[in-house]
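In what follows, a single structure is set out as structure tokens and then discussed.
A, B, ... follow the sequence lines: proteins, then strands. Residue 1 opens every chain.
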Amino acid sequence: MLAQIHVTFKEGVLDPQGKTVHHALNDLGYDEVLDVHIGKYLEVKLDSVSEEEAEIRVREMCERLLANTVIESFRFKLVSTE
Amino acid sequence: MKCGIVVFPGSNCDHDCYHILKKILNQETHWLWHKDEVDLSSFDLIVLPGGFSYGDYLRAGAISRFSPVMNSVIHLAENGGNVLGICNGFQILLESGLLPGALMQNHTRKFICKNVYVRVETTDTPFTQKCNDKLVLEIPIAHHQGSYYIDPHSLSDLEEKGQILFRYCDAKGSISESSNPNGSVGAVAGLCNEQKNVMGMMPHPERCADPLWANTDGQSIFQSLISQS
């Protein structure tokens, strides 16, 4: 099983990289761009766990290590690799 | 004062701290290897030095906080022992939950290495009690992730409880946007926990504490700790 994890800044936390890319896209003429958020994408390969177990354990991984929940939020999807 | 300096893979200010504490201030100073979970109860001060522990992978301090030595440091801190985190050490203290908030990339998106001024906001802590005579200190910073963040409610809580020790300012002690190098909320450069025995700061006092150099402002922090022990 593969956990596809996205970690991004929480709403209201300043994202200077996102802001810079936003302005760059506007400068290139993409006026429709309203906002850009830059985050991290992680793929975590899992062995011999049920989907229910994986759901609990990946959430725990995110809370304990992969995201700093003071400033970041996370979301993930579990994909079967068989 | 018996001091311990933690060495993580990637620490690079550990020798500077050792030099100041042992050679300049003549304190008993020991190295603590990150893999060793040891009894620290005989120590008066533990320093988490600056650097790039674990290459700053994932987030600065995120991996180091799980080093075995951190169990000992957390145990000591919970029992009232003094812990000082400088730069990367500050990031580790935040990641470990010993201090509130988080450090983010500088708002300029650049690594900043320069002398800055900080204003001492309280002398009622073991880390600042000798700062009475000089309220504005000139101390260098060198970091990429030094923009302090905490939600506005918790920030005013820190202010009320006197947990903010240093704010970025100009040479005269005034605080403005231009004197805040990295975009920290409340211009916070250093803070402590509610019990006031754990302190983290982004500026490097160990880089301005040797009398061979013109600036020795950093000494007041170490002298505060020595006078207490």
So, taking the atom named [atom1] in [X] and the one named [atom2] in [Y], what distance separates them when rounded to the nearest 0.5 Å?
X       : Y        : atom1 : atom2 : result
B/Tyr18 : B/Glu206 : OH    : CD    : 15.5 Å
B/Ile86 : B/Cys17  : CD1   : SG    : 4.0 Å
B/Asp36 : B/Ser72  : CG    : OG    : 8.5 Å

Using only distance, no hydrogens or angles, which N or O donor-acceptor pairs sit under 3.5 Å between chain B and chain A?
{"residue": "B/Leu58", "atom": "O", "partner": "A/Lys40", "partner atom": "NZ", "Å": "2.8"}
{"residue": "B/Arg59", "atom": "NH1", "partner": "A/Leu65", "partner atom": "O", "Å": "3.0"}
{"residue": "B/Arg59", "atom": "NH1", "partner": "A/Leu66", "partner atom": "O", "Å": "3.1"}
{"residue": "B/Arg59", "atom": "NH2", "partner": "A/Leu65", "partner atom": "O", "Å": "2.9"}
{"residue": "B/Glu95", "atom": "OE2", "partner": "A/Asn68", "partner atom": "ND2", "Å": "3.3"}
{"residue": "B/Arg109", "atom": "NE", "partner": "A/Thr20", "partner atom": "OG1", "Å": "3.0"}
{"residue": "B/Arg109", "atom": "NH1", "partner": "A/Thr20", "partner atom": "OG1", "Å": "3.2"}

Are the side chain of B/Asn193 and the backbone of B/Leu99 linked by a donor-acceptor contact shorter than 3.5 Å?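 No.
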For the pair B/Arg119 (side chain) and B/Arg167 (backbone), establish whether a donor and an acceptor sit closer than 3.5 Å, ignoring hydrogens and angles.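 It does not hold such a pair.
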Is it the case that the side chains of B/Asp39 and B/Ser41 hold a donor-acceptor pair, with the cut-off being a distance below 3.5 Å and no angle test?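 Yes - a donor-acceptor pair under 3.5 Å links their side chains.
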